[in-house]
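One structure below.
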Amino acid sequence: MMKTKYSVLGLAILASISGCSDDTTTIINTDSGYAPVVTEGKTLTNTPDIVVKSQQEVDELTITIGATADLHGRIFGYDYALDAEDKDAGLTRIATLLKQQKADHPNMILVDIGDTVQGNSAQLFNDDPTHPVVSTLNALEFDLWVPGNHEFNFERSFIDRNLDHFNGAVISSNIKWEDNSANYIRAYQIFEVDGAKVAIVGLTPSNVPNWEASAPSHFAGLKFDEELASTRAAVDELIQKYSPDVIVGAFHIGRDSDAGAGVHKIAAEMADKFDVILAGHEHATYIESVQKATGDEIKVADISLAGGDVAEDKALAGTYNEANRSQSVKIIEPGKWGWALAKAEIQLKKNAAGKWEMVDTTLSNITTKDVVENEDIKAQFQYIDDVSKTDAQTELGKVVGDFTPGKGADEATHQDLNQEIGRLYTTIHTAKVVDTPLMDFIHQIQIQKSKADISAASLFSDSSNLIDGQTYAKKDSTNLYKYDNTLIGINMTGENLKRYMEWSYTYFNTYKEGDLTVSFAKGSKAYMYDQFDGQIQFVVDLAGEAFSMDDTYNITNEGNRIEIIEINGKPFDPKATYKVALNSYRWGSNVKKYGWATDADVYYDSVNEPVYAVRDMLTEYVEVNKGVNAKDFSNPNWEFKQYQANGAITLLRTDNGAGEALWNRLIKQEICVKIDPENPKYPGILHSLNVKDASTYFVNPNYGNADQNQVYKGCVPEA
């Protein structure tokens with residue numbers, strides 16, 4: 001029997017290593033600063049200092065790493081909010097890919113980069129001893145897990161329990177105990193493959209305490225340090241202790257960040273240390289290279305083949321070898337929900353002195369689109385699918401009245417999302433540009449619960465709608481309000497309320513003469529656009545200047561898009577104090593962070609209520625009332641100036657001339673608006689349809705087809 005000693009301290013215990021041959025024993029560090037289960041003030045250490053994947057004597061080697069990110073509860077390729085199959089999602093499809101990949105690469109290191117156990121009805125299983133998504137990772141023999149921010153959406157005991165029960169390593173370099181600054185979980189994990197040491201460093205967003213500000217029990221006793229400094233410290237330590245041959249980042253952070261460093265910043269500053277960075281959090285798909293640099297001048301290149309985010313283009317990337325490895329680092333993200341398995345192949349060879357040198361790296365995203373689900377994993381976790389579907393399909397009552405004008409959600413065609421084909425919305429969801437009962441349903445429930453004057457809420461999903469006569473099932477609440485947000489009531493000055501509203505309407509581009517529709521600022525996300533309802537009357541002028549702040553949240557332009565006419569039947573007073581209801585995410589990540597209110601201003605917090613999630617409040621209302629009626633949630637209190645009866649957009653759509661003709665072509669789907677090609681998973685309309693600019697639209701290639709689905713498909717960008 002071969003015995004390998006990895007501990008640097010005196011106390012040790014014997015434990016087996018996952019992936020090692022039966023004749024190998026490992027000694028694990030058990031110093032008092034560490035613990036095999038989550039223990040206050042100690043670092044969770046449930047794996048050896050070095051996990052040995054294989055021990056062959058070789059002179060050339062390819063280390064293969066596979067990664068998933070942002071699974072959000074997707075064991076199966078099924079969206080329970082839509083009650084529909086998702087053909088490019090789910091661990092059941094990832095399992096099929098892994099079967100082949102592990103056959104070709106038996107020593108593959110398998111990583112999940114967080115936001116794993118929240119979403120898609122996963123909360124139904126939060127009280128299980130081990131969450132079934134974690135059990136699925138274990139069944140697939142994942143080697144490492146980096147917790148994301150959504151792992152902290154629940155009581156800290158939830159994440160503690162699941163980290164304890166994960167069979168592989170759990171790492172994040174910036175989560176520390178408040179009392180003694182010890183790591184909550186390990187900062188990094190060392191793997192050994194045929195004598196080569198691979199260090200993987202983890203990161204979780206430092207913004208977690210802001211996002212979870214309304215529920216500090218979710219991260220009780222923990223602090224989240226700044227990303228770049230934590231990464232530097234972890235890398236310095238692991239180099240000194242282990243002298244690894246390869247260093248890989250597993251970062252649950254976006255490329256850019258509004259709090260701490262993003263992937264691009266860390267990659268540029270530490271390109272001479274990292275060989276590959278696997279990323280999550282952004283729900284994006286990309287393969288990029290970042291040049292070594294300090295300061296704000298960051299050079300990023302898309303190195304994917306034809307910009308497709310699936311394969312690396314070697315003609316663009318060049319060879320990454322020992323001579324140039326300190327000059328750049330490659331990064332990859334595999335999208336959300338199991339859209340792809342990110343794969344990094346790292347080629348090494350020994351030099352004359354027996355030291356491993358870099359030969360090249362190659363990145364790819366192996367997509368799950370139309371991949372057959374693994375029958376073994378399906379069978380093992382079928383009860384999850386059964387319970388989730390039964391819950392989603394639970395009938396609560398009837399819908400009376402249409403909650404968006406024209407029934408269908410699209411402003412131009414009045415069609416709803418075609419779940420089989422993808423996103424149409426030739427213009428925009430009507431409920432984003434017109435005051436509708438669909439949004440007022442959320443607003444009025446928030447007002448009833450919090451006793452606020454004003455409610456702020458977002459339309460999260462473009463597939464949201466309620467149509468007269470339909471049966472309201474539990475899934476409809478999830479589709480309308482898909483996040484696990486709680487509700488906060490705050491006392492807010494009129495001055496800061498105006499700033500909040502101006503900030504929200506930066507979601508839209510500035511109106512230009514000739515516009516027939518509205519469009520979104522590049523990079524805007526639906527969940528960052530709040531509408532406002534209640535005892536407030538206001539008008540939005542998209543021709544006005546947009547609100548802006550600098551990197552330290554100092555206001556550089558107050559904006560003048562919002563005209564608040566009255567609140568509570570009285571003229572708006574910037575000096576007055578108003579009661580505002582908003583969700584816990586918006587409270588922590590924006591309003592509190594920007595200094596528009598403080599903890600002392602909170603007068604209501606639903607976390608203390610029996611029904612504490614906004615989504616469940618909607619469900620409760622429908623269940624109690626045996627349905628929901630549009631007329632009970634109709635409170636017209638705002639409009640776009642351009643959409644008023646004499647507004648520029650309204651007049652142009654009815655001008656009996658070129659404007660009306662172009663608008664009618666859009667209604668008939670003869671033409672389509674352009675969707676942001678850089679982010680097909682979160683498509684944004686970057687340019688308003690403009691009668692003076694033919695580049696703002698394209699002719700539908702399927703217009704005139706007898707098959708309406710084909711006409712619809714003509715406006716959907718290729719994924």
Side-chain angles (χ1 to χ4, degrees), residues 19 47 49-53 61-69 101 105 107-114 142-146 168-174 185-204 227-228 230-239 241-253 255 263-264 266-281 286-290 292 312 317 320-322 325-326 328-334 341-348 356-365:
T47 51
D49 291 352
I50 301 178
V51 173
V52 179
K53 296 292 290 185
L61 171 67
T62 297
I63 296 166
T64 306
I65 302 175
T68 54
Q101 289 298 316
H105 311 283
N107 301 319
M108 173 183 272
I109 300 169
L110 196 52
V111 178
D112 182 76
I113 315 175
F142 271 69
D143 296 286
L144 186 144
W145 179 24
V146 179
V170 288
I171 65 167
S172 184
S173 63
N174 65 325
I185 53 181
R186 273 184 164 157
Y188 55 84
Q189 177 66 56
I190 308 295
F191 293 90
E192 186 175 304
V193 183
D194 295 336
K197 291 192 186 75
V198 182
I200 302 182
V201 183
L203 264 180
T204 302
E227 290 86 348
L228 179 56
S230 298
T231 305
R232 284 193 191 280
V235 170
D236 288 347
E237 178 185 292
L238 69 88
I239 289 175
K241 281 189 176 183
Y242 299 103
S243 299
D245 302 290
V246 176
I247 302 179
V248 174
F251 298 165
H252 188 87
I253 56 175
R255 284 170 286 184
V263 172
H264 282 167
I266 296 173
E269 294 272 355
M270 301 186 68
D272 57 334
K273 298 293 195 298
F274 284 100
D275 296 297
V276 170
I277 294 175
L278 310 164
H281 182 65
Y286 59 83
I287 302 174
E288 297 177 342
S289 177
V290 180
K292 170 70 177 171
E312 181 181 330
Y320 179 89
N321 57 29
E322 196 65 28
R325 70 189 293 196
S326 65
S328 65
V329 59
K330 296 175 186 175
I331 59 177
I332 185 170
E333 185 171 350
L341 176 72
K343 181 181 175 184
E345 297 172 278
I346 304 167
Q347 296 172 259
L348 304 175
W356 290 107
E357 290 189 346
M358 182 65 64
V359 175
D360 201 3
T361 62
T362 303
L363 304 184
S364 58
N365 274 318

Worked verdict on Thr47 versus Gln189 for side chain to side chain donor-acceptor pair (under 3.5 Å): CA-CA 9 Å; Thr47 51; Gln189 177 66 56; 2.8 Å; yes
Do the side chains of [Y] and [X] get nearer than 4.5 Å, heavy atoms only?
X      : Y      : value
Ile239 : Lys273 : yes
His252 : Leu203 : no
Thr204 : Asn174 : yes
Leu228 : Met270 : yes
Tyr188 : Ile200 : no
Ile253 : Glu227 : yes
Thr361 : Gln347 : no

Charged N-O contact under 4.0 Å between Glu333 and Arg255: no
Salt bridge Asp272-Lys292, side-chain N to carboxylate O under 4.0 Å: yes
Trace of the side chain to side chain contact (heavy atoms under 4.5 Å, CB included) decision for Leu363 with Lys343: CA-CA 6 Å; Leu363 304 184; Lys343 181 181 175 184; over 6 Å; no
Salt bridge (charged side-chain N to carboxylate O under 4.0 Å, His left out) against Glu312, all qualifying residues, sequence neighbours excluded: Lys314, Lys330
Counterpart residues, salt bridge (charged side-chain N to carboxylate O under 4.0 Å, His left out), relative to Glu322 (two or more places apart): Arg325
Which atom of Asp245 lies closest to which atom of Gly195, heavy atoms considered: OD2-O, 4.2 Å
Partner residues of Phe274 under the ring pair (Phe, Tyr, Trp, His ring centres under 6.0 Å) criterion, sequence neighbours left out: Phe251
Result of checking Ile65, Val248, Leu144 against Ile109 for side-chain contact (heavy atoms from CB on, under 4.5 Å): Ile65
Working for side chain to side chain contact (heavy atoms under 4.5 Å, CB included), residues Val146 and Ile171: CA-CA 5 Å; Val146 179; Ile171 65 167; 3.9 Å; yes
Rounded distance [0.5 Å steps], OG1 in Thr68 versus CG in Asp112: 3.5 Å
Evaluation steps, side chain to side chain contact (heavy atoms under 4.5 Å, CB included), between Val263 and Val290: CA-CA 10 Å; Val263 172; Val290 180; over 6 Å; no
Flag, side chain of Asp275 to backbone of Ile247, donor-acceptor distance under 3.5 Å: yes
